[in-house]
Amino acid sequence: MSTMRESADVPAWPVYALTVHDDGRVLASGPLIETSGHPTRAAAIEVVAGAAGRLGRSVRATASEPDGAVWPLIVSPDGEVSEVKTGRPRAAAPKKRQEKRAEKRREKRQEKDRGRRAAKGGAKEGSAAAPRPGAPEGGEAYAESLAQVTGHLDAGRTDEARALATQLDTQVAGVLGVSHPVALGVREVRARATAEAGDPVAGIQLYRDVAERWHYRGDAEQAEAVAGRAEKLWTGITDVERALSAGVAVVRMRNQIPGEGGAALASVLAHRERLLRTPVAEAAPEATPVAAKPVTDPGTAKGTEAVAGRGAAAGAEVPEPPVAVSSAPRSSRPRPRTAPSWERPAVNARKAG
């Protein structure tokens, strides 16, 4: 790392993790790359530089040393590494087993307290049923309400299904946490209900949130399954402007869940490019041709023919009738379309629930 550099011009996302082991091997992980081990630091930096090249700009990275020190870095597309000006390396927080166990116990107590408060509040008629006091904090506590949502969807009552699923999602997230597996399952049902109620863009955004949270929890299989549902819903949108709007969430999601070998990310980027190249014709109203009006001689009823006859007899030129004017539609060349600006990815949500 040859230079010190200001980091204000480098976006906060993505950040790549470089974990150095005692034997010198380096584990590299982050968006657009597969988590993999490398024999040297240079090899790991080369992988991060490749990701920076695909983004077309420098990216951030953190190098964690075996002694616990963490170095914030900037990696450019050509492989140049710069240290961010922070004064000195930041020591990593201790990860003792006893402290982890104490933190888990605190989280469990907080979840139980939230469950008791929700149970005391009770469930209003027509709303999502709260878990019974003493019921286990799992999917079975909300199975009845989920069955109601599914029943509404199967019967075609999509608005009722969406409203109930939204209530249930809010309630479960408040009791168990937004990233609890049960909460993610409920939010996925809400995404389906939202899409079937006629709002596929909002449904895709919900699917994206669920997929990213599964990704942060380390469940790659669940993350890919939900990401696939979001992508399928997106590619089914036929309105170009609406599809581009929804594509913001899909591209952001696939940057973090790129699929095997990055195939899924490449697929959504190709679909977005096709949408950007789709021509939009500028329709112009059909013009009505202007018909020529006959010229009538004030002194006779023979009209134009009489006037023309007299003009020809006198050797004078007879004016031709006006030419019909037609306003053809303008060029149907595609208007230049600007790609929408992409959202910043969500913060790692594992701490949220």
Side-chain angles (χ1 to χ4, degrees), residues 118 121-132 135 138-215 219 221-254 257 264 267-268 271-272 275 278 340 343 346 349 353:
K124 298 181 180 179
E125 184 177 358
S127 63
R132 298 180 302 278
E140 59 272 18
Y142 302 94
E144 182 179 351
S145 296
L146 283 173
Q148 293 177 11
V149 176
T150 304
H152 285 313
L153 288 173
D154 293 342
R157 298 186 294 270
T158 55
D159 290 337
E160 291 86 341
R162 181 181 186 179
L164 184 59
T166 301
Q167 275 190 344
L168 186 60
D169 182 22
T170 302
Q171 180 180 318
V172 176
V175 174
L176 302 179
V178 292
S179 294
H180 191 281
V182 174
L184 296 180
V186 171
R187 195 165 306 119
E188 187 175 346
V189 174
R190 177 186 175 187
R192 175 196 166 191
T194 300
E196 292 190 16
D199 193 352
V201 176
I204 289 170
Q205 291 170 346
L206 287 167
Y207 275 131
R208 186 269 308 162
D209 179 77
V210 174
E212 288 183 1
R213 291 182 188 277
W214 279 122
H215 171 68
D219 195 326
E221 184 177 354
Q222 284 283 5
E224 177 57 37
V226 179
R229 295 185 186 99
E231 185 178 340
K232 181 178 179 181
L233 182 59
W234 178 51
T235 55
I237 299 177
T238 56
D239 181 84
V240 175
E241 298 297 336
R242 203 175 191 188
L244 284 171
S245 176
V248 174
V250 178
V251 173
R252 160 182 161 171
M253 174 189 69
R254 281 304 188 186
I257 312 170
S267 177
V268 299
H271 184 64
R272 186 193 68 180
L275 292 172
T278 300
E343 301 175 15

For Val248, is there any backbone N or O sitting under 3.5 Å from a side-chain donor or acceptor partner on Arg208?
no

Check whether any side-chain heavy atom of Trp234 sits under 4.5 Å from a side-chain heavy atom of Pro200, and report yes or no.
no

Closest non-hydrogen atom pair between Thr194 and Ala202, with its separation:
CG2-CB, 3.7 Å

Do Gln205 and Asp209 have side chains that approach each other closer than 4.5 Å (heavy atoms only, starting at C-beta)?
no

Counting C-beta onward and ignoring hydrogens, is there a side-chain heavy-atom pair between Arg162 and Asp199 closer than 4.5 Å?
yes

Nearest heavy-atom pair of Gln222 and Asp219: which atoms, and what distance?
N-OD1, 3.1 Å

Please tell me if the side chains of Arg242 and Val201 come closer than 4.5 Å, counting only heavy atoms from C-beta onward.
yes

Indicate yes or no: at least one non-hydrogen side-chain atom of Arg187 is less than 4.5 angstrom from one of Val178.
yes

So, do His271 and Glu231 sit near enough that their side-chain heavy atoms are less than 4.5 Å apart?
no

Among Val149, Leu206, Leu153, the one residue meeting side-chain contact (heavy atoms from CB on, under 4.5 Å) with Arg192
Leu153

Please find the pair of heavy atoms, one from Ala249 and one from Ile204, that lie closest to each other, and give the distance.
CB-CG2, 4.3 Å

Closest heavy-atom contact between Ala223 and His215?
CB-N, 3.7 Å

Please round to the nearest 0.5 Å and tell me the distance separating atom CG of Leu164 and atom CG of Asp159.
12.5 Å

Tell me, do Val226 and Ile257 make a side-chain contact under 4.5 Å, heavy atoms counted?
no

For the residue pair Ala183 and Val172, what are the closest heavy atoms and their distance?
CA-CG1, 3.7 Å

Please report the closest heavy-atom contact between Tyr142 and Val182, naming both atoms and the distance.
CD1-CG1, 4.1 Å

Could you walk me through whether Arg229 and Glu224 pass the salt bridge (Lys or Arg N to Asp or Glu O under 4.0 Å) check?
CA-CA 9 Å; Arg229 295 185 186 99; Glu224 177 57 37; over 6 Å; no

